[in-house]
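Whatever order the structure lists ligands and atoms in, that order sets their numbers, starting from 1.
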Amino acid sequence: MLRDSPSPSDNTMAQPFDRRTFLHGSLLTAGALSYWPRVVFGQVQGQRLLARPFELSQVRLRPGAALDAMNVNRRHLLAYDPDRLLHMFRLTAGLPSSAEPLGGWEAPNNELRGHFTGHYLTACALSFAQADDKALQERGDAIVAELAKCQAKFGNGYLSAFPEELFDRLRANQPAWAPFYTLHKIMAGMLDMHVLAGNAQARDVLQGMSTWTAQWVRSIDDALMNRILEREYGGMNEVLYNFAELTKEDRWRELAQRFNRSRIFEPLAAGRDELQGLHVNTTIPQVIGAARGYELTGNTNLHDCSDYFWHTVTERRSYCTGGTSNGESWNAPPGKLAAELSGYTQECCVTYNMQKLTRHVFGWTTDARAADFYERAYYNGILGVQHPRDGSKLYYVPLQSGFWKLFGTSMHDFWCCTGSMAEAFSKLGDSIYFKDDDGLYVNLFVPSEVTWQEKGLRLVQDTTFPESDRVTLTVRASAPRRAQLRIRVPYWTIGGSASLNGKQLEGFATPSSYFVLDRTWRDGDRVELRLPMRLHAAPMPDDPTVQAVMYGPIVLAGKLGTAGLTAETLRAEPTKPRTVPEYKSEPVAAPVIRASSSDPASWLKASGPLEFRTVGQQNELTLVPLNRIFDERYAVYWKVAV
Ligand SMILES: [Zn+2]
């Protein structure tokens with residue numbers, strides 16, 4: 001989340017970058033405006049998706065790490081007091097509230113207040129869809145009803161935990177953190193409560209908020225709007241495009257287009273990476289909006305922009321974990337990552353939003369490489385950023401050696417990532433399966449089952465992956481049905497194989513493609529897969545002597561001990577307005593690795609399931625999955641001397 005004030009600390013080790021400059025970026029020249037045609041609803045042509053993800057309500061997780069993590073998150077969500085989440089909304093609307101105010105970025109004097117309540121509604125809606133969690137559905141329903149009362153009190157469709165005056169300041173180019181960012185979270189929460197949890201009132205509230213937004217934007221000319229769009233605004237374009245699709249009303253589509261940021265989109269659509277210097281998580285949600293806009297309008301500029309963006313970020317700006325950003329920005333040209341390691345790498349919101357964008361890209365292309373990336377982010381950017389004990393979340397995943405995961409403190413942080421990760425852990429079954437009219441894609445190897453209603457088929461996936469390289473897919477069919485089963489063969493496997501009902505199948509697909517079984521499926525048909533994993537290096541593109549080690553899709557982290565880590569240093573202090581967490585201890589150095597070859601198997605030996613020991617080094621170290629390291633210092637990237 002972009003801050004608009006410098007950190008209060010001058011501690012260089014712990015100091016996040018000063019990001020004030022992002023707020024005052026250069027303005028768009030008027031000439032660029034004509035670049036983006038205003039596409040009207042009548043011009044929309046046909047379906048642009050080759051595949052669609054299964055609805056969350058059709059996918060259920062089965063016992064395993066993902067289900068465990070989802071349940072930790074659900075318990076955490078239920079621990080929030082709705083009256084506290086509503087407190088500042090009520091006071092701002094002039095309604096009484098005696099609840100204890102929340103802290104951190106939800107504190108009464110914080111200009112982002114209310115954003116987490118929006119995330120919370122989305123998380124409630126997702127939890128209902130993903131796990132049939134009726135308690136969280138009811139929780140969401142109750143909050144929507146109370147927010148509707150606040151909106152009615154405002155009387156003009158406005159709904160926020162801060163007064164409209166922040167938007168006046170935004171228009172006047174005066175300090176205001178990110179009013180539309182916060183509004184977007186609440187609007188997205190309402191949309192999700194309606195679409196995923198069947199709440200009719202949430203649609204009415206969203207209609208009111210959209211109407212207020214249209215009214216606010218109406219008096220603003222394009223030049224002024226471009227200046228306003230320099231301030232972080234979340235995915236206002238995305239939520240309005242989605243609302244346009246829901247209502248089939250042109251006016252929301254046109255309003256969404258007012259939130260397309262041409263200054264950023266134009267070079268991307270032309271295939272130019274001018275991302276250096278940009279705030280990462282300001283940019284990605286805007287590009288997701290572009291992707292959604294393409295799907296709904298057919299504007300190929302929006303396609304080219306988001307498609308190129310996805311490629312340049314995933315191929316040239318991402319760490320082996322699937323994360324990107326350092327100090328929340330892109331500080332270097334594409335392909336320059338070796339010097340971009342700190343305690344503030346890989347903001348969690350960024351990984352989450354890149355996954356969202358990846359879903360679109362996969363739908364347009366069914367390219368296995370998009371699913372490969374999604375898997376990379378799933379295991380190394382999402383699963384390990386929630387503390388398994390209490391459900392608290394990370395802001396950053398530090399990739400400079402010797403740091404540790406600095407978790408927040410419940411009710412006292414409410415960072416952007418606290419909200420995004422509350423959503424992420426509510427939908428861990430998302431994007432495991434996609435479909436088109438003829439076939440079903442198995443993209444992730446996660447214990448789960450999916451119901452394909454149109455075909456009368458159910459597919460059950462049993463696996464202990466990644467502990468094991470074996471996956472069993474069992475078909476449940478009310479009657480024999482023909483369909484294609486398309487199984488992703490990941491980039492990291494070598495020598496995979498498959499059998500059908502116990503009989504070995506000839507041939508297999510090459511890495512980063514699909515193994516396709518086209519047949520008439522009968523109840524009880526079983527496909528057994530073997531996807532062998534191996535150790536492999538993930539070198540930095542600009543310095544191959546700096547490298548991480550992966551086992552299959554899993555990034556390994558070396559355990560560097562707990563020296564200097566206490567209850568105080570392991571948790572971020574209650575966050576003050578507009579600050580990000582600070583490390584209260586120095587990172588420790590990681591040893592240089594002496595290797596006899598570039599193959600990490602030359603300096604690592606398996607010592608247990610997903611556990612490796614260094615060999616031939618001065619001090620032996622143990623490496624385990626990054627997503628299982630908690631409350632301990634670690635190293636992901638090593639200096640390797642061959
Ligand atoms: Zn964040």
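- Tyr181 carries Lys185 over the face of its six-membered ring, with the cationic atom under 6.0 Å from the centre and within 45° of the normal.
- Partner of Asp631 under the side chain to side chain donor-acceptor pair (under 3.5 Å) criterion, out of Arg571, His387, Lys405: His387 alone.
- Annotation: angle subtended at the Zn ion (ligand 1) by Cys349 SG and Cys417 SG is 100°, to 10°.
- Looking at Glu347, its N, O or S atom nearest to the Zn ion (ligand 1) turns out to be OE2.
- Inclusion of Cys348 in the first shell of the Zn ion (ligand 1) is not supported: no N, O or S atom falls under 2.8 Å.
- Note: Phe162 and Trp177 fail the aromatic proximity criterion, with ring centroids not under 6.0 Å apart.
- Classification of Asp81 and Arg84 as a salt-bridged pair fails, no side-chain N sitting under 4.0 Å from a carboxylate O.
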